[in-house]
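First comes the structure, then the notes that go with it.
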Amino acid sequence: MATKRDYYEVLGVAKGASKDEIKSAYRKLAKKYHPDNKETGDEAKFKEIQEAYDILFDDQKRSAYDQFGHAAFDQTGGGPAGGNPFGGFGFGGEDINLGDIFGSFFGGGSSRSRRQTGPIRGDDILMHLRVDFMDAVNGKDEEVSFDFDDDCPHCHGSGADSPSDVKTCPTCKGLGTVTRQTRSIFGMVSTQSVCPDCGGTGKIISKKCSVCNGNGYKRIKRVQKIHIPVGINDGQQIRLAGMGGAGKNGGGHGDLFIEINIKEHPFFKRERNDIHLNVPLDFVDAILGTKIDVPTVNGDMTMTVPEGTQPGQILRLKGQGIKDLRTGKPGDQYIHLDIKGPTTLSKKQREALEAYREASKKDDSLFEKFKKMFKK
């Protein structure tokens, strides 16, 4: 027979530990080694921890243990256990449901089984909708088509051909769970599981619905009108409540989420609620200044290009961006000027440019100023 470890060693506490220290050590170890813990669960260690806690947390039993050791609770000895192998653990042979004790740690045990017998909401469903750039800017009503599990018109979701075909499950008596008892070191341990005959519903259908074959729903193609709001951005979602997957045991439908994917525009580039646009401009217009009609998401707008505008300069059109989805406040449009020079010149153009160069002082040219910097 294997020698039992010292109870204080099992819980990792000192011999003079307080009850709060014992309780804290126990909860930490029990959570780690409980069989419901898939990562670190260990049934043998859990039982050892439980046994140590039951002795050390009880003042009388702890006193007996400190005086006589494990012999105080040996079923063949004459200690306080009085020959009862479970008396020393405070269980008195009664039924114990470990799932109820540690359900709060792991969300398991009997509470989980009970939830399976009640209404279960259907799954949420995600679909994607591709829309044009300007439809996302200005908003639009759109029709979407999707598969929908509608309640069967014949059985109204029960799955039975008639109400009389629904019976209480004889195996679980309508509870949806079955209880199994096994003897262990703790006495009779009760474990619950989903009823294998009714699948947790608590009901047996003697004759399935002739229309939906017992599913309780019929898959249809549904067309739904939705509104794409002004300013919606790529990746944002529209929620259709109750348009998702079918529920179980009388549970409602889940929701349908439509994720908006926006097509790229050939010219406009969106950054949050701002618009960026590259605009080509003749170098003469950049030098002398001009007015141009610029395309925006709200239509053409006249913009002044100031005299002496340089290549790469960015001009802003305030309030000509996209309206914010929530506040309605518009962003701005930024014009990136791409100043172009001619690659060929007519005779008149060349003469005009030659005259400009002659009129400019040679010493004031940009190149000459650049060279002078090296002579300093």
Side-chain angles (χ1 to χ4, degrees), residues 128-140 142 228-236 259-325 327-376:
H128 296 266
L129 179 64
R130 194 165 173 80
V131 302
D132 288 333
F133 184 91
M134 292 306 298
D135 289 339
V137 172
N138 299 318
K140 183 184 179 183
E142 187 76 77
I228 299 170
V230 172
I232 195 167
N233 212 336
D234 190 74
Q236 290 183 311
E259 183 174 304
I260 301 300
N261 300 131
I262 301 173
K263 299 177 185 177
E264 287 189 4
H265 192 276
F267 302 107
F268 293 129
K269 302 300 178 186
R270 180 174 181 173
E271 187 175 300
R272 296 186 180 88
N273 293 327
D274 295 330
I275 293 292
H276 295 261
L277 179 66
N278 292 326
V279 175
L281 187 72
D282 286 334
F283 80 104
V284 175
D285 289 332
I287 294 170
L288 301 177
T290 187
K291 290 182 181 291
I292 56 176
D293 290 332
V294 177
T296 75
V297 293
N298 304 306
D300 288 355
M301 183 173 182
T302 301
M303 182 186 74
T304 298
V305 178
E307 179 182 319
T309 295
Q310 299 299 305
Q313 194 164 334
I314 301 173
L315 304 179
R316 182 177 73 148
L317 293 174
K318 189 175 181 180
Q320 294 303 311
I322 299 171
K323 290 181 179 178
D324 186 84
L325 180 63
T327 66
K329 183 180 179 181
D332 301 326
Q333 179 161 316
Y334 292 90
I335 308 302
H336 299 253
L337 293 175
D338 183 13
I339 298 174
K340 302 284 189 182
T343 56
T344 58
L345 295 172
S346 67
K347 184 178 179 181
K348 289 186 68 173
Q349 288 172 329
R350 176 173 287 278
E351 288 173 352
L353 289 174
E354 289 285 357
Y356 169 78
R357 185 162 62 182
E358 287 296 324
S360 301
K361 292 182 179 179
K362 187 175 182 182
D363 290 344
D364 291 336
S365 71
L366 291 176
F367 181 71
E368 289 300 325
K369 289 178 180 178
F370 173 73
K371 282 184 65 177
K372 287 177 181 178
M373 293 175 63
F374 286 87
K375 295 177 181 179
K376 289 183 180 180

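Along the sequence shown, the residues carry numbers beginning at 1.
At most 12 heavy atoms of other shown residues, nucleotides or ligands fall within 6.0 angstrom of atom NZ in Lys340. Counting non-hydrogen atoms of neighbouring residues, nucleotides and ligands closer than 6.0 angstrom, the NZ atom of Lys263 exceeds 12 such neighbours.
Distance alone, capped at 3.5 Å, places no donor-acceptor pair between the Asp274 side chain and the Gln333 backbone. Looking only at distances, no side-chain donor or acceptor of Arg350 sits under 3.5 Å from a matching main-chain atom of Ala352.
Using modelled atom types and a 3.5 Å distance limit, the side chains of Asp338 and Asn278 yield no donor-acceptor pair.
When all heavy atoms of Pro330 and Gly321 are compared, the pair lying nearest together is CB-O, 4.4 Å. Closest non-hydrogen pair, Ala286 versus Ile339, comes out as CB-CD1, 3.5 Å. Contact detail for Ala136 and Ile262: the closest heavy-atom pair is CB-CD1, 3.5 Å. Between Leu325 and Gly231, the shortest heavy-atom distance links the atoms CB-O, 4.2 Å. The two residues Val137 and Val230 come nearest to each other via the heavy atoms O-CG1, 3.2 Å.
Expressed to the nearest 0.5 Å, how far NE2 of His336 lies from NE2 of His276 amounts to 5.0 Å. Separating the CD1 atom in Ile260 from the CZ atom in Arg130 is a distance of 11.5 Å, to the nearest 0.5 Å. The CE atom of Met303 sits 10.0 Å away from the NZ atom of Lys291 when rounded to the nearest 0.5 Å. The CG atom of Asn273 sits 7.0 Å away from atom CG of Asn233, with the distance rounded to the nearest 0.5 Å. The OG1 atom of Thr344 sits 7.5 Å away from atom CD of Gln349, with the distance rounded to the nearest 0.5 Å. Annotation: the span from Ile275 atom CD1 to Thr296 atom OG1 amounts to 9.0 Å, rounded to 0.5 Å.
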* Please lay out, stage by stage, how Leu129 and Glu142 fare under the test side chain to side chain contact (heavy atoms under 4.5 Å, CB included). => CA-CA 10 Å; Leu129 179 64; Glu142 187 76 77; 4.2 Å; yes

* Run the numbers on Gln320 and Asn298 for side chain to side chain contact (heavy atoms under 4.5 Å, CB included), then give the verdict. => CA-CA 7 Å; Gln320 294 303 311; Asn298 304 306; 3.3 Å; yes

* Evaluate the side chain to side chain contact (heavy atoms under 4.5 Å, CB included) criterion for residues Val294 and Met301: first the C-alpha distance (whole Å), next the side-chain angles of each, then the deciding distance (0.1 Å), finally the verdict. => CA-CA 5 Å; Val294 177; Met301 183 173 182; 5.5 Å; no

* **Worked verdict on Leu337 versus Leu315 for side chain to side chain contact (heavy atoms under 4.5 Å, CB included)** => CA-CA 8 Å; Leu337 293 175; Leu315 304 179; 3.8 Å; yes

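Ring geometry for Phe133 against Phe268 counts as parallel: the plane angle stays under 30°, on a 0 to 90° scale with 60° as the upper cut.
Taking the side chain as every heavy atom from C-beta outward, Pro311 and Phe283 never approach each other to under 4.5 Å.
Of the options Thr304, Asp282, Val305, Val284, a side-chain contact (heavy atoms from CB on, under 4.5 Å) to Thr290 is made by Val305 and by none of the others.
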